[in-house]
Amino acid sequence: MTAALFLGFLVLLVAGAPLATALGLVGALVIIVKDLGAMSIATNVYSSLAKYPLLALPVFILAGMIFERVGVAAKLVAFVSALVGERRGAQGVVAILVCMFLGGISGSGPADAAAVAMVMLPSMTRQGYPKGFSSSLIAAAGSTAILIPPSIAFVIFSVLVPQVSVPALFAAGMIPGILAGLSLLVPTFIFAWKYNWGAKGSDPTVVRKSLLVTLKEASWGIAAPVIILGGLRTGAFTPTEAAVVAVFYGLFVGTVVYRTLDLTRLYRVLVDSAEISAVVMLIIACAGIFAHAGSTLGAFDALANVMLTVTSNEHLMLAMIMLLLLIAGMLLDAASVFLIFLPILVPVVNAFGWDMTWFAVLMTMNMAIGQFTPPMAVNLLVTTRVAGIGMEETVQWVLWLVLSMLGALALVAAFPQLALWLPGVLGY
Amino acid sequence: MDEHPQDKTGGNPLDQPRISIRFEEAAAAVAMALICLITFANVVVRYLTDASFAFTEEFSVFLLVVLTLVGAAGAFVRNRNIRVDYFAALMPARTQRWLEIAGLLLTVVLFLMVAWYGARFVADDWKYGTTSPGIGIPQWVYSVWLPALSLLIAGRALGRVVRLLRSGTAR
């Protein structure tokens, strides 16, 4: 029956059935066949969703979307451009920094990548950057959003593994997220130097604005992560409350300061963020059915034991898990991968005595890399669509970026303190 | 609302149900707005007074359930729920269509099951007069929405199956 549970799910997954349906239906059928209490099919859907910590998920999605629609990205690009100036590779640096900064407001990659691509692709193209490279770079830098707090992925991880708190995970993701973003600087500088991208005067249409003017306009956006993370740090807010404060701050900036948000647009933001949240949370609900079936059968422990018999070498096991997660991350978003794999991986992590917070960061780094690894990369799909090119045009560039971020991943895997130092200092 | 949701789909008839998804959209937006307002009010009240209305938590998580089910129903209209479409996309268009139909029919089966057992769950709440732990209202006021909105999801998935089948005969 354990085999039926996993194989049934796998078949439905590959056949392209909605993930929620695949998890829920296979779980429900096993519950009925093995007589594990059919009422639990309904109660698990309700109880998987009715959790206070999960409230942070839709609200962070809403907050990120408000800042994106308000037009924060363009102001940030103007400010960082003025800061970096005109030189070889400068616009590449701007793209990376702005993506990372937006990751500090929103918690998901594709939306950030789309916003930055829309603002930056035209100017980067004028300065000689090939569209294939710009699309790759923005997709890669946008993927750091799930590492740099706030992060939807970490909220879900904490809901699934309550022993690690959301603030601890947020703190743990900070340095690896910055490292992942900065790792992209290496190929950017090498290529920009080699091909002379963005040399001074290469774009005659560039309007030089004073640093102070752009800073003044961008400061409203710059304040957002300070409010979110500061509120969490002082312990004044729960993660959900911090997200709600960010929402109201975003509404203030959108209606009073930038005046880009009216009632019609506000309604649209509410609808769109609700739908994006709902499709993620439906999977959480249906994964509840699957998890009930799997844990009652002892299926997760059984599969974990199978994994443990493959090798007792800690490093080999970690490498195998990372490879598995990277492939999964190419096919699915972080939330879905966590829901599918965590019940099996948690016993493995415990067997080796790995730190759960560190493991959460490694897992999420794999998800970030998967988001821009062709041929199935969500982020790359978004940025190439904005650029109007096919994904094959990015391959010669994006693989170097994948390699760079894998380097950052290897560093965090080798030196767990990169993830664990900050939450330790902050006392989580 | 000058921006019709239908406009964004590029006029694909598959994405346009006869019963507009305005209901799902409005309900999801209201749930989202209420979650924010209640949580924000909680923060403000906690700072101004010593009082806490933490008992509203149960209403917020109930709204989360409503948001999820209603939003997912809307997503099934356009089949925008998360799935792995990489392998299906390698198949010929005909096979892809049948795979989508099969996936949606399985969705109908699942949510009919959730609705059925959910209804029995509500019947228990009703029979035993269970009240909610925080506010103290009858529990069925919350739980009744699980079977009701599960039926909505099943209906929306079935509606898309019908549109897919129709588009096939027209071709």
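What's counted below: heavy atoms across the whole structure, side chains too, no hydrogens, waters or symmetry copies. All chains are named by letter (A, B, ...) in the order of the sequence lines, taking the proteins before the strands, and each is independently numbered beginning at 1.
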Checklist entry - Out of curiosity, B/Phe111 CZ to A/Ile41 CD1, how far, rounded to the nearest 0.5 Å? => result 12.0 Å
Checklist entry - What part of B/Tyr86 lies closer than 4.5 angstrom to a heavy atom of chain A: side chain, backbone, both or neither? => result side chain
Checklist entry - side-chain contact (heavy atoms from CB on, under 4.5 Å) between A/Thr21 and B/Asn81: does it pass, once the steps are laid out? => result CA-CA 10 Å; A/Thr21 304; B/Asn81 277 282; over 6 Å; no
Checklist entry - Does any non-hydrogen side-chain atom of B/Ile82 lie less than 4.5 Å from one of A/Val280? => result yes
Next on the checklist: Ignoring hydrogens, what is the shortest heavy-atom contact between A/Ala42 and B/Leu146? Give both atom names and the distance.
Outcome noted: O-CD2, 3.5 Å
Checklist entry - Looking at B/Val114, B/Thr95, B/Ile35, B/Leu64, which one has more heavy-atom pairs under 4.5 Å with chain A than the rest? => result B/Leu64
Checklist outcome for this item: Between the CG atom in A/Leu282 and the CG atom in B/Leu67, the distance rounded to the nearest 0.5 Å is 11.0 Å
Checklist entry - Most heavy-atom pairs under 4.5 angstrom with chain B, which of A/Ala50, A/Pro375, A/Ala15? => result A/Ala50
Checklist entry - Do B/Val84 and A/Leu332 have side chains that get closer than 4.5 Å, going by heavy atoms? => result yes
Checklist entry - Side chain, backbone, both or neither: which part of A/Asn44 has an atom under 4.5 Å from a heavy atom of chain B? => result neither
Checklist entry - Under 4.5 Å between any side-chain heavy atoms of A/Ile32 and B/Tyr117, yes or no? => result yes
Item to check | Between B/Ala157, B/Gly103, B/Ala115, the one whose heavy-atom pairs under 4.5 Å with chain A are most numerous | outcome: B/Gly103
Checklist outcome for this item: For B/Ala29 and A/Tyr267, the nearest pair of non-hydrogen atoms, with its separation, is CB-CE1, 3.8 Å
Checklist entry - For the atom pair CG (B/Leu110) and CD1 (A/Ile289), what is the distance rounded to the nearest 0.5 Å? => result 5.5 Å
Checklist entry - Heavy-atom distance under 4.5 Å to chain B: side chain of A/Ile276, backbone, both or neither? => result neither
Item to check | Within-4.5 Å side-chain heavy-atom neighbours: A/Phe248 and B/Thr39 | outcome: no
Checklist outcome for this item: Okay, A/Ile283 and chain B: the region with an atom under 4.5 Å from a heavy atom over there is side chain
Checklist entry - With only heavy atoms counted, which part of B/Ile153 is less than 4.5 Å from chain A, the side chain, the backbone, both or neither? => result side chain
Item to check | Among A/Leu12, A/Leu54, A/Val247, residue most engaged with chain B (heavy-atom pairs, under 4.5 Å) | outcome: A/Leu54
Item to check | Atom group of B/Tyr142 that falls short of 4.5 Å from chain A, counting heavy atoms | outcome: both
Checklist outcome for this item: Checked A/Ser336, A/Ala38, A/Ala335 vs chain B; the most non-hydrogen pairs under 4.5 Å come from A/Ala38
Checklist entry - Which atom names give the shortest non-hydrogen contact between B/Phe76 and A/Pro18, and what distance separates them? => result CE2-CG, 3.8 Å
Checklist entry - So what's closer than 4.5 Å to chain B heavy atoms on A/Ser48: side chain, backbone, both or neither? => result neither
Checklist entry - If you look at every heavy atom in B/Met32 and A/Pro58, which pair is closest and at what distance? => result CE-O, 3.4 Å
Item to check | Side chain / backbone / both / neither for A/Tyr52 at chain B, heavy atoms under 4.5 Å | outcome: both
Next on the checklist: So which atom in A/Leu49 and which in B/Val65 form the shortest heavy-atom distance, rounded to 0.1 Å?
Outcome noted: CB-CG2, 3.9 Å
Checklist entry - How about B/Leu37: does its CG atom have over 12 heavy atoms from other parts shown lying under 6.0 Å from it? => result yes
Checklist entry - Quick one: what part of A/Val14 sits under 4.5 Å from any heavy atom of chain B, side chain, backbone, both or neither? => result both
Item to check | Reported CG-to-CD distance for the pair A/Asp272 and B/Glu25, which is rounded to 0.5 angstrom | outcome: 7.5 Å
Checklist entry - Taking the side chain as C-beta and beyond, is there a heavy-atom pair between B/Thr68 and A/Val279 under 4.5 Å? => result no
Item to check | For chain A, the option from B/Ala102, B/Ala27, B/Ala75 that forms the most heavy-atom pairs under 4.5 Å | outcome: B/Ala75
Checklist entry - To the nearest 0.5 Å, how far apart are CZ in B/Arg46 and CD in A/Glu241? => result 4.0 Å
Next on the checklist: Out of B/Gly118, B/Ala72, B/Cys36, return the one with the most heavy atom pairs under 4.5 angstrom to chain A.
Outcome noted: B/Cys36
Checklist entry - For the residue pair B/Val61 and A/Lys51, what are the closest heavy atoms and their distance? => result CG1-C, 3.7 Å
